[in-house]
Amino acid sequence: MNNRVSIQGKFQYRLAGWKYSAIVRFLLFLALALVLYGTLLHRIVPQTYDIKPGSIAEKDILAPYAIPNEAATNKAKDEAAQRVQPVYRIVPLKNEQAVEAIFQKLQQINADPEVAPADKVSIYKTVIPTLIQDHLERQMKTYSGSGQYSDELMVEMRKSFREQDYRIPEEAYYKIPRLTKEDLTEMEGVAKDIVIRIMNDQILDAQAARVKVAELVNASNLTKNIARELVQELVRAALTPNKFYDQKGTEEAKTHARDNVKQVYVNKNDVLVAKGEKITDELYQRLAALKLLKDNTSYWPNLGLFLFSILCCLMLYMFVRHSQLPVNQNNVQLLMLILIIALTVAVMKIFSLIQSLEYPYIAYLAPVAVGAMLTTILLNAQLAVVVTVLIGVAASVVFNSDHVQPFDFKYGLLAMTNSFAAIFSIQRASQRSSILKAGIIISLLAMALVGSLVLLDDQETRRSAMFALSFALGGGLVTAVFVIGLLPFFEVAFGILSPLKLVELSNPNHPLLRKLLTETPGTYHHSVMVGNLAEAAAEAIGADGLLCRVGAYYHDIGKTKRPSYFIENQTNMENPHDRIDPALSKSIIVAHARDGVEMLRDAGIPKPIRDIAEQHHGTTLLTFFYFKAKKQAEEKGEKPPEELEYRYPGPNAQTKEAAIVGIADCVEAAVRSLRNPTVEQIDSMVRKIIKNRLDDGQFNECDLTIKELDLVAKTLNEALLGIFHSRIEYPTAELPASKPAAIASVSETKDEVNP
């Protein structure tokens, strides 16, 4: 009979229709592949149009991605070249040497008595310009031979010398023969100093420099008017430009300016052809080159993208299939996982719509870590790692703005960095504020990564770098906001108990726990003790300790309906079970599980906690009332009741957590009933309770192993020793033979009155 009940409970609980259907599972993965395909489609395969040359565009034809605009780019290059200022080169000319040669010649000719003054004038007219010209030619040959200056610059120098040549006035030549040797010596020093001083400046216009000569000569120590006059003329003749237009350098500068102009693009979603515009041959050819015409559509990219989407889903499927996670079998959790991925990809798609070439870093603001963070909180951190890789690949396509390659590694790398930061910072979160802290960590790591990428790219401007860092900072905070907003939706829609939700439910100020404390203080204290024991045992075998603790807090909430009928609440009062029929007592005791489930459902408590309240007794037998009813039937000569009539309706524990809470529930009440428990008594009691439940088939429908049950027993023993250590004694005499039997009868069900 017990087996029949067990099979029936198992069938009723396991029968969940689509939740465990392989076909539904296949359809869910196919749906994810289609979501990825649809999201990435227009990033890889642009929309095409059925138009002909000469036709009128029926709607705006938008750029599917950033398209190079060669005309605008060439115009920008020309404008950049026009803005380049002429390049000039400074040539260090030693014109004071020409002055020195002139005065040496004047000394020589003036000292020759055989040359008539008229002849001297003729010689000076020829010699002085020749000396200056020869000196300049020698310097240019020296520079030209060294290869320091280009031939074009040499040509420009000769041109400047020729155009800015200075002609000494005719009357000056007639005054030179009258100069004495001493005059020439004094004049030479002054002339050389002035030439050196002026030639140290940059001279583009020699005439402007010659204006300064008179002032400098007048400020010298020359006293004779003729000497000052002739020094001015000779210095003016020796002055030449030393700053020359460099045609080659200017062309190189213009070329460099043109090369530095970035490619101009037609931004994504810019209008290529306006509605109502005539399709000219030029427009038609341009659209054809961009593969926007249906006539030259290739379906190979579509096939490639579909296969890519299938492979991404296959990667996720293989991980799920080989994992031991509930999502391996539960289609509800798989649906939630796929919905998380789809929402994350959809959010990225929305942010990509406002991304532009001017502000490509808007993508850094996208909450790409939402999927990983929600998966970690609601499902599993290892599963979140696979989701991270999937989201990273999708981000590298969704945020790729230049369309040169299908993927842009920067955005994929940032998405994975943010997601891994979310996984490691949120997996042990126990407060809502932990999500915000995780968002801050994501922001800091994102800024570090973006900063490194900016430093690697020398062409980034300071303004672009500040935008990138600002968007990266905001990305983590936006992620936290999205997760905080979406988390309650998933918790309610899928009945998921996240660690954050469990911590909220464990708050003693929760209305149900307040009700339990005020109306049934004994049951409340018992529930807290059971929570401590169940959490320790669950963590010892790798189960969800927090779920066990919170489930234990609520597992006996149904007792608030009839608190006086349960022994832990019977303080200084008569036991009402002594006055009623055992069948009625049984109905009252059994009803607390059903009542608890209804109360929890009405309060909106998630299903895993309701399951613990419903399953913690399984189909165990109410031994005391069964034997009481059996004894009364024998005394009356009636047929004894069936054992099935005095069992809990079940179902048996379906999870490790429900089974552990059931064990801890019975163990805590049984050990508490002992007056002076010893170590041996506690160990014997715990193992007897576990063995009785195991023999009764209470663990047949959950995946607890014998090894895990042994570990549960050891952990409960250690926890109970810590709780009852102050009352443990070690008697020297053995207990009476009847005492263990009495203890055993109490331990079989703690909800019965003490026999």
Side-chain angles (χ1 to χ4, degrees), residues 505-536 548-580 584-600 603 605 609 612-614 616-617 620 622-625 648 660-677 682 685-686 689 716 719-720 722-727 742-743 745-755:
L505 292 174
S506 67
N507 190 334
N509 291 320
H510 191 280
L512 287 183
L513 294 184
R514 293 292 298 174
K515 179 180 178 67
L516 189 67
L517 174 61
T518 56
E519 298 181 8
T520 57
T523 301
Y524 178 83
H525 179 265
H526 159 72
S527 298
V528 172
M529 300 295 289
V530 172
N532 294 334
L533 295 174
E535 183 178 33
C548 285
R549 171 184 285 275
V550 179
Y553 287 170
Y554 291 91
H555 81 288
D556 276 344
I557 192 67
K559 291 183 179 180
T560 58
K561 289 285 187 71
R562 305 171 189 86
S564 61
Y565 284 87
F566 299 91
I567 191 169
E568 66 267 21
N569 300 314
Q570 297 172 3
T571 304
N572 299 324
M573 63 177 294
E574 181 183 0
N575 189 344
H577 290 284
D578 294 339
R579 295 179 282 102
I580 61 177
L584 180 58
S585 296
K586 179 265 301 182
S587 299
I588 294 174
I589 297 297
V590 167
H592 86 277
R594 181 183 64 253
D595 293 339
V597 172
E598 293 176 355
M599 292 176 65
L600 293 174
I605 302 300
I609 294 180
I612 290 177
E614 183 181 22
H616 73 280
H617 283 298
T620 55
L622 282 79
T623 309
F624 176 75
F625 295 113
Y648 281 92
I660 290 172
V661 171
I663 295 172
D665 177 41
C666 191
V667 164
E668 193 278 335
V671 174
R672 181 160 45 85
S673 68
L674 302 178
R675 292 187 177 181
N676 296 305
I682 291 176
M685 178 81 68
V686 171
I689 291 172
L716 290 176
L720 289 167
I723 295 173
F724 295 101
H725 65 88
S726 60
R727 293 186 282 141
I743 294 173
S745 66
V746 174
S747 69
E748 288 179 357
T749 170
K750 62 93 185 176
D751 289 331
E752 301 177 33
V753 294
N754 201 344

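- Take E519 and apply the salt bridge (Lys or Arg N to Asp or Glu O under 4.0 Å) test, not counting sequence neighbours, and it matches K515.
- For the atom pair CD1 of I663 and CD of E668, the computed distance is 14.5 Å after rounding to the nearest 0.5 Å.
- The two residues R562 and I588 have their closest heavy-atom pair at CD-CG2, 3.7 Å.
- Between H526 and H555, the distance separating the two ring centers is shorter than 6.0 angstrom.
- Between I660 atom CD1 and E535 atom CD the span is 11.0 Å, to the nearest 0.5 Å.
- Side-chain atoms of F566 and T520, non-hydrogen and from C-beta on, never get closer than 4.5 Å to each other.
- Between L600 and A613, the closest heavy-atom pair is CD1-CB, 3.7 Å.
- Summarising the geometry of A552 relative to S527, their closest heavy-atom pair is O-CB, 3.4 Å, with the distance given to 0.1 Å.
- Pairing each heavy atom of S506 with each of Y553, the nearest pair is CB-CE1, 4.0 Å.
- For the pair D556/H592, a side-chain contact is recorded, criterion being any heavy-atom separation below 4.5 Å from C-beta on.
- Among all heavy-atom pairs drawn from A670 and I689, the shortest one is CB-CD1, 3.8 Å.
- Heavy atoms only, all atoms of each residue included: P677 and I682 are closest at CB-CG1, 3.9 Å.
- Applying the 6.0 Å contact sphere to NE2 of H525 captures no more than 12 heavy atoms from other residues, nucleotides or ligands.
- Side-chain contact between H616 and V530 is absent, with no heavy atoms from C-beta onward closer than 4.5 Å.
- The line from SG of C666 to CG of L716 is 11.0 Å long, rounded to the nearest 0.5 Å.
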Under the side-chain contact (heavy atoms from CB on, under 4.5 Å) rule, what do R672 and M529 come out as? Steps first, then yes or no, please.
-> CA-CA 10 Å; R672 181 160 45 85; M529 300 295 289; over 6 Å; no
Could you walk me through whether L720 and M685 pass the side-chain contact (heavy atoms from CB on, under 4.5 Å) check?
-> CA-CA 11 Å; L720 289 167; M685 178 81 68; over 6 Å; no
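- Of the residues L513, I609, N507, I605, the one that meets the side-chain contact (heavy atoms from CB on, under 4.5 Å) test with V550 is I609.
- Using a 4.5 Å heavy-atom cutoff, the side chains of L517 and P508 are not in contact.
- Of the inter-residue distances, the one linking Y648 atom OH with I589 atom CD1 reads 6.0 Å to the nearest 0.5 angstrom.
- A heavy-atom distance below 4.5 Å is found between the side chains of D665 and H617.
- Side chains of D595 and E598 form a contact here, defined as non-hydrogen atoms less than 4.5 Å apart.
- For the atom pair R514 CZ and L512 CG, the distance stands at 12.5 Å (nearest 0.5 Å).
- Using a 4.5 Å heavy-atom threshold, the side chains of H510 and Y554 count as touching.
- For S585, the side-chain hydrogen bond (donor to acceptor under 3.5 Å, both in side chains) partners two or more places apart in sequence, or in a different chain, are H577.
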